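Here the structure is laid out as C-alpha cells; the discussion comes afterwards.
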There are 2 protein chains.
Amino acid sequence: MEKIRPYSQALDRLRNAGLRSTRQRLALAKLLFDGQNRHVTAEILHGEALEASVRVSLATVYNTLHQFNEVGLLREIVVDSGRSYFDTNISEHHHIYNEDTRELMDIDGDQIDLAGLPAIEAGQELSRVDVIVRIKNI
Amino acid sequence: MEKIRPYSQALDRLRNAGLRSTRQRLALAKLLFDGQNRHVTAEILHGEALEASVRVSLATVYNTLHQFNEVGLLREIVVDSGRSYFDTNISEHHHIYNEDTRELMDIDGDQIDLAGLPAIEAGQELSRVDVIVRIKNI
DNA sequence: GTGTTTGCAAAGTGTTTGCAATTTA
DNA sequence: TAAATTGCAAACACTTTGCAAACAC
C-alpha cells in the first residue's frame, strides 16, 4: 500500500534521465506518470496541461515528448499516419487500435506469441517488433 | 511462361473494380501493377508518373491511391507518422521497415506465426493485424 | 447529354524550427 | 554566468478540398 507522490516521482524521473527539472517538464511528467498507463498525442497533453492551469506552449510539449521518448521515459507508437502517439508503458507489449475512435490500448507483452520473425541483415539491428490489432466499429 | 500485358491488365483491374478507365488511372495502374509488389507514397508515384511523361496532378494521385485502396486494389500501410505508404501486395502478409532508409519490405504471411490475439469486443470487428519489424542501420 | 473525374490553387493538419528572452544549475 | 530551455510565430511536409473545365460512357 504505497502512497503515490506524483511530484517527487516526476522529479526523480527527470533526474534519473538526466533532464533539467523545469516547471514545464515537471508538470508534464506529473500528468503523464500519474500511476496508470497512458497514450497521448501532443495535442491531448497540451490540452490537459492547459486544463490543469499549467502554462506551457505546444512547441514545448512536442519537445518534451520527444526528449522523454529519447531517454526512454516514453515510447512513440505509430498507428496513424498523421499523428504521433506516445505511450507511458515502456515495457514490451503490443497494441489494439480502434480506427474509428482513434483509441489506443495496450496488449500485454506475454499475451501474444510471435514466431517466424525474419533474420536481420548484417549492418542492421532490430529496433523493435510492433503488433497492431486494428479494429473498427460495426 | 505468360506474357505480361500491363495495359489490358490495368484496364481489367479498373473494370473489375468498377472504376472508370481514365487516362490518369490507367497510367497509374500500369505503374503500380507492373508484375512485382511495390510500396509507394503519393509523392513517389507522382514522380514516377512525371518521369514516364504521364501528365497527372499530385491531387489526382492522392485521389487515385485512396480509391484503389477502397476497392481493394491496394492496401494502405501505416509505418511512419507523416507519410502514407500503399502496398500493391494485397494478400495477407506483414512488413519489415527500415527506420533510417524508410524502406518497406514484405514478409510472407505464412512466415510469421501469431498467437494470443485478444478477443474483439461486441460492436467491433477486426480490421486487420499488422506485424511491423522495425530495423535500423548500425 | 449527364454524371464523373481532373487539376489547380488554396486551405488544412500536425509538426518542426529560428531566435530572443527566460530559467536552471 | 554559462548553458539549457522556453515560447512565439513562421515555416514545413504531407494531405485534402472547392470548384470550374474536361472527360467517359
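Here is how names work: the chains are called A, B, and so on, in the same order as the sequence lines, proteins then strands, and each is numbered from 1. From a predicted model like this one, the values you see are computed outputs, not experimental measurements. In what follows, every heavy atom counts, from backbone to side chain, and hydrogens, waters and symmetry copies are set aside.
Look at B/Q67 and you won't find any side-chain N or O under 4.0 angstrom from OP1 or OP2 of C/dT5. B/T22 has no side-chain polar atom (N or O) that falls below the 4.0 Å cut-off from OP1 or OP2 of D/dA22. The side chain of A/Y62 places an N or O atom within less than 4.0 Å of a non-bridging phosphate oxygen (OP1 or OP2) of C/dT15. Remark: A/S21 is in phosphate contact with C/dA25, judged by side-chain N or O atoms under 4.0 Å from OP1 or OP2.
Only one option out of B/T88, B/T64, B/V40 pairs with B/L74 in a side chain to side chain contact (heavy atoms under 4.5 Å, CB included); it is B/T88.
Side-chain atoms of A/D130 and B/D130, non-hydrogen and from C-beta on, never get closer than 4.5 Å to each other. Under the 4.5 Å side-chain criterion, counting only non-hydrogen atoms from C-beta, A/H95 is in contact with A/D106. Considering only heavy atoms from C-beta on, A/R55 comes within 4.5 Å of A/R23 through its side chain. Side-chain contact between A/R13 and A/F68 is absent, with no heavy atoms from C-beta onward closer than 4.5 Å.
Counting to the nearest Å, the P atom of C/dT5 and the CD atom of B/E70 are 12 Å from each other. With rounding to whole Å, A/L26 atom CG is found 19 Å from D/dA4 atom P. In this structure, the CZ atom of B/R55 is 19 Å from the P atom of C/dT5, given to the nearest Å. Atom CD of B/Q24 is separated from atom P of D/dA22 by 13 Å (rounded to the nearest Å). Atom NE2 in A/H46 sits roughly 13 Å away from atom P in C/dT15 (whole-Å rounding). When rounded to the nearest whole Å, the span between CZ of A/R23 and P of C/dT24 equals 8 Å. Counting to the nearest Å, the P atom of C/dG12 and the CD atom of A/E43 are 15 Å from each other. The interatomic distance linking B/Y85 (OH) with D/dT15 (P) rounds to 10 Å, in whole Å.
In the set C/dT5, C/dG7, D/dT15, the nucleotide with an atom closest to the side chain of B/R20 is C/dT5. Side chain of A/S57, nearest nucleotide from D/dG7, D/dC25, C/dG14: D/dG7. The side chain of A/T60 sits closest to D/dT6 out of D/dT6, C/dA25, C/dG3. Among the nucleotides D/dT16, C/dT5, C/dT15, the one closest to the side chain of B/R25 is C/dT5.
Applying the Watson-Crick and G-U wobble criteria (two distances, each under 3.5 Å), C/dC8 pairs with D/dG18. In this structure D/dC23 sits in a base pair with C/dG3, meeting the Watson-Crick or G-U test at under 3.5 Å.
Among the heavy atoms of the strands, none lies under 4.0 Å from B/T41. Residue contacts shown for B/S84 are limited to sugar-phosphate atoms, with no base heavy atom under 4.0 Å away. Among the heavy atoms of the strands, none lies under 4.0 Å from A/S81. The residue B/H66 sits close only to the backbone: its heavy atoms come under 4.0 Å of sugar-phosphate atoms, none of a base.
With the nearest nucleotide of DNA chain C identified for both A/L58 and B/V61, B/V61 has the one nearer the 5' end. Taking the nucleotide of DNA chain D with the nearest heavy atom to each of B/R83 and B/L19, the more 5' of the two is matched to B/R83. Both A/A42 and B/T64 sit near DNA chain C, but only B/T64 has its closest nucleotide nearer the 5' end.
When ring centroids are compared, B/H66 and B/F86 come within the 6.0 Å threshold.
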